[in-house]
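Read through the structure below, which is laid out as structure tokens, and then see the notes.
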Amino acid sequence: MTTQQLRPIVSVFPIKGKVKTIKQVPLPSVFSAPIRPDVVRFVHTNMAKNNRQAHAVSTTAGEQTSATSWGTGRAVARIPRVKGSGTGRSGQAAFGNMCRGGRMYAPKKVWRKWHRKINTNQKRYAVCSAIAATAVTPLVMSRGHRVNKLPELPLVVSDQLQSLTKTRQAVKFLKFIGAYRDVEKVIRTKKTRVGQGKYRNRRHVLRKGPMVVYARNLGIKKAFRNIPGVETASVYTLNLLKLAPGSQMGRFIIWTESAFKLLEDIYGSWEKPSKFKSGFYLPRPVMVNTDVERIIKSDQVQTVLRNRRPRSRKYGKKIQRADPYEDMSVMVKLNPYYKTKLQKQKELDEKNKKERKEIVDKSRKEYEDWLYFSEEEEEEEEEGSDEDREIEVLSDEN
Amino acid sequence: MSKQVPETIKKQVKRSFNSKEVKKEKNEKRMKLLKEIQTKAFKRAEKYEKEYLEQEQKLVELKQQALKEGSFYREPEPKLAFIIRIRGIVGVPPKPRKILQLLRLRRIYSGVFIRLNKSSLRMLHFIDPYVTWGYPDVETVRALIYKRGHARVNHQRKIIDSNEMIYDKLQKFDIVCMEDLVHEIYTVGKNFKHANSFLWAFKLKPPVGGFSTVKKSFVNKGEHGNREQYINTLVKKMI
């Protein structure tokens, strides 16, 4: 949606002679309208209902009997039964949707809502999207058109095309420009319709070929009329059902030069309204720059982002850990003082042990000493008998 | 012909949070911090050992002094209790249920530390039939935190496997290692609240050797209620 945008240039081709650019025209703003398949689908499904013809089942179908239920007690179902006798029909079930020859469930009525209202702006939005899609080669190809040999898409051709009158000329032109392959496809794939339409005056089914859009009909309509698959349309009345058949965007369109130029007036731009659709501006896209990846990776965005939070692996996994009272390495990791503590405890224990040993030894020694002295005292008491022996020794001397 | 690297990728690599230089720098910083924490842990553990020993000795001294004088030494009332829930969750009336929830005793054999004051004692009174509690000593507190200590980290229960974990959460309260945590809990320091809420409620095993009867109070040869210092032997059986 740039102001005074530098619009791309599209070549205009002649209708015979050599396939080369005779002129260049700017691309109308419509081709930059947002391509919205959802809008196109919605509008198309509703628009397609608008050419339906009413149909219904006869109002009297299945009701043209005077059947009455026989009631209970007759060992038959209670469904209304045809009165009378003398014919196979009598006593048969009637009226119900389950009955043979009865009326259907919810008989179709003509006053069913056949047509759909669609908001004008929505319709215009869809058409703009569909036109924009016709310039996108991948979309046109995916729709199934054979556009490989075309000089350019969108394909714009000189206004002389509008003055063609003969079908032969038209075919020659299509071959010249490289569009005939699409027509060949249509011819090749013409088939008998599957289903009952074939005997309801809709016998054959054709693909869609190129669509020729003109500004003035100077014979072009009749020239292209008989070519299978080819449709013509005035640029003033472009139909979504033809631009996106089956709500599939990307119809192959051949524009005449004046028709192409008129698109700018008919659909307007974001600054200038349409000249023909009062108050209509081209729909605005939600995103102007849809390259999301590029936006995210741009400097302007990346420099403002905070750093990516690291996946906190330390708290991420379920951490298994051994019992610190069994595994020394775990204990030391949690309490680096532990080994020193054990050592000190050990030293203290040893010191205490030593002290205790000394005390014990000392007391034991004291006890033994006491024991020894008490033995000596006993011995001293026994020494009293020795004195008697001394007297005897004296008497011997005399 | 070398492959051209897209400019966006070049820029991304330059800006990358995970580039080699940045990683290296971060790692170095972290290693330095870990070393600091461990040296602090060593020094503080040493300090606390002395402190606990002094406390014990002081107590003994005061008692002896009192005996000499012929009077009594009344020990200061305990500040810390360890509560263990010994009844299940079925059939608990609303008031005790709420109190047990508030104390984080949401399942049987779960245990928490609590500071004792008038309010908490009243709370304990209500939940007496569902819990047993007492006054843990240093070794019990240590064993619980070392063996069964889990931290509440990012609303998750994670086993404390390094001092870094404690540092990250409790550094602003000057608690950087296991021994700091133990000290804070045991002595019910200024930041007891934060140290205690850092710890997830302890999940203990059923006691080896079993209970006598949980229906009776400890005083009546049962198991529930206040069992003062005998909580230490129970925790040894349940840890």
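Atom set for the values below is all heavy atoms of this structure, side chains included, hydrogens, waters and symmetry mates excluded.
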* Asked: Got a salt bridge between A/Lys353 and A/Asp349, using NZ or NE/NH1/NH2 to carboxylate O under 4.0 Å?
  -> no

* Should A/Arg41 and A/Asp38 count as an ion pair when the cut-off is N to O under 4.0 Å? ->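 Between A/Asp38 and A/Arg41 there is no salt bridge, as every charged N stays at least 4.0 Å from the carboxylate O atoms.
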
Under 4.5 Å from any heavy atom of chain A, what part of [X] do you find: side chain, backbone, both or neither?
| X | answer |
| --- | --- |
| B/Glu46 | both |
| B/Glu179 | side chain |
| B/Ala143 | both |

* Asked: Name the one of A/Leu150, A/Val140, A/Val10 that satisfies side-chain contact (heavy atoms from CB on, under 4.5 Å) with A/Leu155?
  ->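 Exactly one pass, corresponding to A/Leu150.
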
* Structure fact -> OG1 of A/Thr137 to NE2 of A/His145, rounded to nearest 0.5 Å, is 12.5 Å

* **Proximal component of A/Asn335, with respect to chain B [non-hydrogen, under 4.5 Å]** => both

* Main-chain N/O of A/Tyr281 paired with A/Glu271 side-chain donor or acceptor, under 3.5 Å -> no

* In terms of heavy-atom pairs under 4.5 Å, which option from B/Arg44, B/Lys43, B/Arg142 contacts chain A the most? -> B/Arg142

* If you count heavy-atom pairs under 4.5 Å between each of A/Glu326, A/Lys297, A/Gln320, A/Lys344 and chain B, which one has the most? -> A/Lys297

